[in-house]
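Take a look at the structure below.
The figures that follow rest on heavy atoms only: side chains count, while hydrogens, waters and symmetry mates do not. Along the sequence shown, residues are numbered consecutively beginning with 1.
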Amino acid sequence: MIITVQMVLNRLIEPVGQLETTVDTLKSGNLNAEVRKVAVVFITTYAAIKQAVESGVDLIITHEPTYYNHKDEVEWLAGDPVYERKRMLIEESGISIFRLHDYVHKYKPDGILLGMLKKLEWEAYANPEKMNLITLPPDGQHTVRTIVAHLKNKLDIDSMLVAGDPEMPVRCFGLMPGASGGRSHIKYFESRNIDLLIVGESNEWETNEYVRDAMDMGLPKALIITGHQNSEEAGMLTVVELMREAFPDLQVDFIASPLAVKRI
């Protein structure tokens, strides 16, 4: 059976149904093109695209945008040498690129969250109704510091940002991958009555300052910021599993990317 780009997209969209408004569109390529090999990525970096092209990939499924803004708007980039070189690589190769952001977050459960829970080995501790609410077993002395150590080990990262007391005891906490914003972070603290929240990204004047004020008031609150990519990349393994199950004869590879920003 010949598998086309459209057939793959139909399977990715199927769990949710067609969204009226979404950034999840085909960014390059042809819906009728044959697909023999797929690459799943967190973000379509120049290096990841080049690797995919050189290894014979027909379709890239990416979680984040290709052209440095949420809607992949490119008019403002015309003539920019970085944009033009990336665009040429994509167009000359003929590779298809589909963004899978809104749909995978609307899977039941959220596909990115599920993938991260599996990566962190916290799936068994997640609340079945609210899977980003984690309750650790009572057979250990869990603190902000020990949870940071666990995150470093499982995600293979050297450092992350922490607001609050690293020695604060923790039993129940929230996990919010990505960058949902300060308002959602702060509301989650209160609606779930938790002391610790783990997020991917936060504006420094928002959740960080909320936690600082709480600590100055003697209220136990802490925030761990892993970095956006660290908080979601392993979540795309959910898509790898889905594709391999739906299309057993299709080669599906996962391409991880080094972090763009490093602490030195």
Quick check: is [Y] connected to [X] through a chain of hydrophobic side chains (ILVMFWY, heavy atoms under 4.5 Å apart)?
| X | Y | result |
| --- | --- | --- |
| V252 | L59 | yes |
| V16 | L242 | yes |
| I194 | V170 | no |
| I13 | V240 | yes |
| V5 | V41 | no |

[X] [atom1]: over 12 foreign heavy atoms closer than 6.0 Å:
| X | atom1 | answer |
| --- | --- | --- |
| E167 | CD | yes |
| K37 | NZ | yes |
| R212 | CZ | no |
| D156 | CG | no |
| Y125 | OH | no |
| E206 | CD | yes |

Measure the shortest side-chain to side-chain distance between [X] and [Y] over non-hydrogen atoms and say whether it is less than 4.5 angstrom.
| X | Y | result |
| --- | --- | --- |
| H185 | Y210 | no |
| P177 | L113 | yes |
| R99 | T25 | no |
| T135 | N127 | no |

Can you name the closest pair of heavy atoms from [X] and [Y] and give their distance?
| X | Y | answer |
| --- | --- | --- |
| L114 | P109 | CD2-CG, 4.1 Å |
| I2 | M7 | O-SD, 3.4 Å |
| M116 | G235 | SD-N, 3.4 Å |
| A214 | K221 | CB-CG, 3.4 Å |
| D102 | D24 | N-OD2, 2.8 Å |
| M168 | A222 | CE-CB, 3.7 Å |

Candidates D72, I97, I90, I61 - the one meeting side chain to side chain contact (heavy atoms under 4.5 Å, CB included) with T44:
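Of the listed residues D72, I97, I90, I61, the side chain to side chain contact (heavy atoms under 4.5 Å, CB included) partner of T44 is I97.
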Using the rule side chain to side chain contact (heavy atoms under 4.5 Å, CB included), only one of V239, L100, V40, V104 pairs with H63; which is it?
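The option that passes is V104.
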First locate atom [atom1] of [X], then atom [atom2] of [Y], and finally report the distance between them rounded to the nearest 0.5 Å.
| X | Y | atom1 | atom2 | answer |
| --- | --- | --- | --- | --- |
| I49 | I255 | CD1 | CD1 | 10.0 Å |
| Y68 | K86 | OH | NZ | 4.0 Å |
| T226 | E233 | OG1 | CD | 11.5 Å |
| L120 | L155 | CG | CG | 5.0 Å |
| D58 | I95 | CG | CD1 | 7.5 Å |
| L151 | I147 | CG | CD1 | 7.5 Å |

Which class fits the ring pair Y67 and Y83: parallel under 30°, tilted 30 to 60°, perpendicular over 60°?
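Plane angle over 60°, so perpendicular.
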Students often mix this up, so state it plainly: with edges at 30° and 60°, are the rings of H228 and F42 parallel, tilted or perpendicular?
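Ring orientation of H228 relative to F42: tilted.
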Just do the side-chain contact (heavy atoms from CB on, under 4.5 Å) check on F247 and V38 with the steps written out, would you?
CA-CA 11 Å; F247 302 102; V38 171; over 6 Å; no
Could you tell me if N10 and E14 have a donor-acceptor pair between their side chains, going purely by distance under 3.5 Å?
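No, N10 and E14 have no side-chain donor paired with an acceptor closer than 3.5 Å.
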N/O donor-acceptor pair under 3.5 Å between E84 side chain and G79 backbone
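The answer is yes, because a donor-acceptor pair under 3.5 Å joins these two groups.
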With distance as the sole test, does N203 use its side chain to make a donor-acceptor pair with the main-chain N or O of W205 at under 3.5 Å?
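The answer is no, because no donor-acceptor pair under 3.5 Å joins these two groups.
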Run the side-chain contact (heavy atoms from CB on, under 4.5 Å) test on L197 and V211 for me, step by step, so that the C-alpha distance in whole Å, both residues' side-chain angles and the decisive distance to 0.1 Å come before the verdict.
CA-CA 10 Å; L197 185 61; V211 170; over 6 Å; no
Full working for side-chain contact (heavy atoms from CB on, under 4.5 Å) between E64 and E232:
CA-CA 10 Å; E64 296 296 1; E232 290 196 317; 3.3 Å; yes
Kindly determine whether H142 and F173 satisfy side-chain contact (heavy atoms from CB on, under 4.5 Å), including the steps that lead there.
CA-CA 11 Å; H142 305 291; F173 59 92; over 6 Å; no
Step by step, work out the side-chain hydrogen bond (donor to acceptor under 3.5 Å, both in side chains) result for H105 and D110.
CA-CA 5 Å; H105 277 304; D110 180 318; 2.9 Å; yes
My understanding is that only residues two or more places apart in sequence, or in another chain, count here; which of them pass side-chain contact (heavy atoms from CB on, under 4.5 Å) with P15?
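Partners of P15 under the side-chain contact (heavy atoms from CB on, under 4.5 Å) test: R11, Y107.
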